[in-house]
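First comes the structure, then the notes that go with it.
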Amino acid sequence: MKRPWLTTSLLAVIAGMSAIGIHHAASVALDRGISRFRASLPVGATLSYSAARPAILARGALLTDVILQNGNMTFRAHTLRLGHPIPTPDGGLTLSHMDMVDPSLQTPTAVIRAHSVTLNHLVTPPPPAGKSGLESLDLGHLNLERGYIDHLSVQNLSQVLQPNSMHFNSLTSDSIQIDGYGPGRTTTIAIQNGLAIASRTTLQPDGTPRAMSVQMSLKNFQLRQPELATRIAYEQAGNEAAAYALPPLESMKLSGTQIISADRTFSMDTLIGTGTRKSGKDTTVFEGEGFHTHSSSGKVPVHIDGHSSTLKYTQERIAQTGELHVQGVLNIPNFTEAHFGMNLLGPSDQQLKVGTVKNPHDAIQLAQVTLTLHGDRLVQSLPSLNAGHPLDGAAQDQARTVLAQGMEMGLSPYPALAALPDYFANPNDRTLSITLTPKPPLTLTALAAIASSPTAAMTLMSPDNLKVTVQ
């Protein structure tokens, strides 16, 4: 009867001695691994921690109060757990998991923090030669099965260099989850409760700067994108032609979007996107619903049914010819219905492949753009919108007549626009159609330059380029 107890005791002693031996061996291996890691750091880079112990079951390590400093970049984490690290033959690293608590990354231009970060089945490529800091992160060739970031915050420390330019200040999110990221893979991204704050400094007529802040938020964002890592790799390498030819998004859903400025608020209930690549054609469709506007100075002077408002945007690209066709429809019940269309000439896949086009966006040309507008209430409400408060019937009619007379005088040198004053004076359930056909087609770069110059924009208002009709 005593033998089972003796056997059990001997097994316990053997197991204890084995555990001590395994832990000792693991500790020695950990010390050697940290020493090799320190030796591989760039000149001047340092690694420090308050404690390090092996994670035997995970065949990894747990480090506490980690500080890694490389030049002007500092990484910190309260705890850093690495699971089964294995170097790859090309100098990269494979990890079964990486868990961080209270990680932060600080550079001269940004501070990035999170409550925790979990990365599963991570494969990092070797750092590009001659690069350091954030530039050494080769995001285009990284593989990640799943990543989760809890309460991310990003603060931009860089200064605004030019007036009239938008400056990103900060970004926060309750959670971000990434699945299936890597070259040749379709990646899924989910973001909960994101908030971004940006600012813009403009110069007033007397030269005094005026700061304006914009806050953008969302409740939920989901994206499924083929070849996302490949797209990032091409963009990091400056190969915009190859990135342009990649497949469109597979699906997207955005809800609870809001944009708040000093004097007004715009919000959108939902935006859903889908994309396909089929028979040499890339098709992308976005459908939005529920558009709401509010003014801090009071109510919008006209009633708009925001809940039932809809927007549909469709874009098609033909791979063989490079043609782009865009259609958009905005419908606000009992207010207006607007149709927008655009035909563009772009580089074909063959031109992108042989390298005759370096920057596809510089090669895109506008062939035709059309706009149709229907809805008396929109035109009738313009005086109230301009005044910022509701006008009674007589005052509104008088203001609209004055507007039409002013348009008639101002547009008299341009016969192609002769129908506009009549439409704004008497919409009468009619439809306004505007068609611009530049001859020859204009590149988007040239079009932007023309749009910034009122004098140059007038060259597009000839009857050969512009047609305005009312029916």
Side-chain angles (χ1 to χ4, degrees), residues 95-100 103-105 110-125 134 137-156 168-198 215-237 240 242-259 267-277 282-289 313 315:
L95 293 165
S96 63
H97 67 266
M98 177 189 290
D99 302 326
M100 295 173 274
S104 68
L105 179 66
V111 177
I112 305 172
R113 293 189 176 93
H115 286 186
S116 64
V117 176
T118 301
L119 307 175
N120 293 329
H121 299 290
L122 173 67
V123 181
T124 63
L134 293 178
L137 299 177
D138 187 2
L139 298 178
H141 295 91
L142 180 146
N143 267 281
L144 176 66
E145 192 63 34
R146 168 166 288 187
Y148 184 83
I149 305 174
D150 179 38
H151 285 85
L152 171 72
S153 70
V154 181
Q155 183 181 2
N156 186 3
F168 162 75
N169 295 329
S170 64
L171 171 69
T172 61
S173 176
D174 283 359
S175 67
I176 300 176
Q177 182 168 312
I178 303 173
D179 291 285
Y181 179 84
R185 306 179 71 180
T186 296
T187 303
T188 302
I189 299 175
I191 301 175
Q192 302 288 327
N193 296 323
L195 173 65
I197 298 176
Q215 177 178 299
M216 296 162 282
S217 62
L218 59 88
K219 289 184 178 179
N220 296 285
F221 173 77
Q222 296 175 359
L223 172 70
R224 186 168 172 82
Q225 174 70 58
E227 301 282 4
L228 177 61
T230 305
R231 183 181 299 274
I232 292 175
Y234 284 146
E235 291 178 353
Q236 283 188 323
E240 297 185 19
Y244 184 82
L246 289 173
L249 62 83
E250 185 175 304
S251 64
M252 187 207 76
K253 185 174 183 180
L254 180 65
S255 63
T257 305
Q258 192 173 60
I259 301 175
S267 61
M268 178 175 59
D269 293 342
T270 59
L271 179 66
I272 297 175
T274 58
T276 58
R277 167 168 284 186
D282 289 348
T283 303
T284 306
V285 179
F286 290 99
E287 296 184 86
E289 184 173 351
Y313 172 92
Q315 176 179 300

Atom CZ of residue position R113 - does it have more than 12 heavy atoms of other residues, nucleotides or ligands inside 6.0 Å?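 No, because the 6.0 Å sphere around CZ of R113 holds 12 heavy atoms or fewer from other groups.
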Interatomic spacing from [atom1] in [X] to [atom2] in [Y] - rounded to 0.5 Å:
X	Y	atom1	atom2	value
N156	I112	CG	CD1	10.0 Å
F286	Q315	CZ	CD	8.5 Å
L95	L122	CG	CG	5.5 Å

Steps toward side chain to side chain contact (heavy atoms under 4.5 Å, CB included) verdict (Q215, L195): CA-CA 7 Å; Q215 177 178 299; L195 173 65; 3.3 Å; yes
Could you give me the CA-CA distance, side-chain angles and deciding distance for M268 and T257, then say whether side chain to side chain contact (heavy atoms under 4.5 Å, CB included) is met? CA-CA 5 Å; M268 178 175 59; T257 305; 4.2 Å; yes
Counting N and O atoms only, with roles assigned by atom type, does the side chain of T270 sit under 3.5 Å from a partner on the main chain of G288, one being a donor and the other an acceptor? no
Show me the donor-acceptor pairs within less than 3.5 Å that the side chains of residues 139-153 make with the rest of the protein, sequence neighbours left out.
{"from": "H141", "atom 1": "ND1", "to": "D138", "atom 2": "OD1", "distance (Å)": "3.1"}
{"from": "H141", "atom 1": "ND1", "to": "D138", "atom 2": "OD2", "distance (Å)": "3.1"}
{"from": "E145", "atom 1": "OE1", "to": "R185", "atom 2": "NH2", "distance (Å)": "3.1"}
{"from": "R146", "atom 1": "NE", "to": "D179", "atom 2": "OD1", "distance (Å)": "2.5"}
{"from": "R146", "atom 1": "NH2", "to": "D179", "atom 2": "OD1", "distance (Å)": "3.1"}

Please evaluate residues T186 and E250 with respect to the criterion side chain to side chain contact (heavy atoms under 4.5 Å, CB included), reporting the C-alpha separation (whole Å), side-chain torsions for both, the decisive distance (0.1 Å), and the verdict. CA-CA 9 Å; T186 296; E250 185 175 304; 4.0 Å; yes
Tell me, with the steps shown, if Q236 and Y234 meet side-chain hydrogen bond (donor to acceptor under 3.5 Å, both in side chains). CA-CA 5 Å; Q236 283 188 323; Y234 284 146; over 6 Å; no
I'd like to know whether N220 forms a side chain to side chain contact (heavy atoms under 4.5 Å, CB included) with Q222, so could you lay out the CA-CA distance, the side-chain angles of the two residues, the decisive distance to 0.1 Å, and finally the verdict. CA-CA 7 Å; N220 296 285; Q222 296 175 359; 5.6 Å; no
Test side-chain hydrogen bond (donor to acceptor under 3.5 Å, both in side chains) on T188 and R224 and set out the steps. CA-CA 4 Å; T188 302; R224 186 168 172 82; 3.0 Å; yes
Heavy-atom side-chain contact between L246 and E227 under 4.5 Å: yes
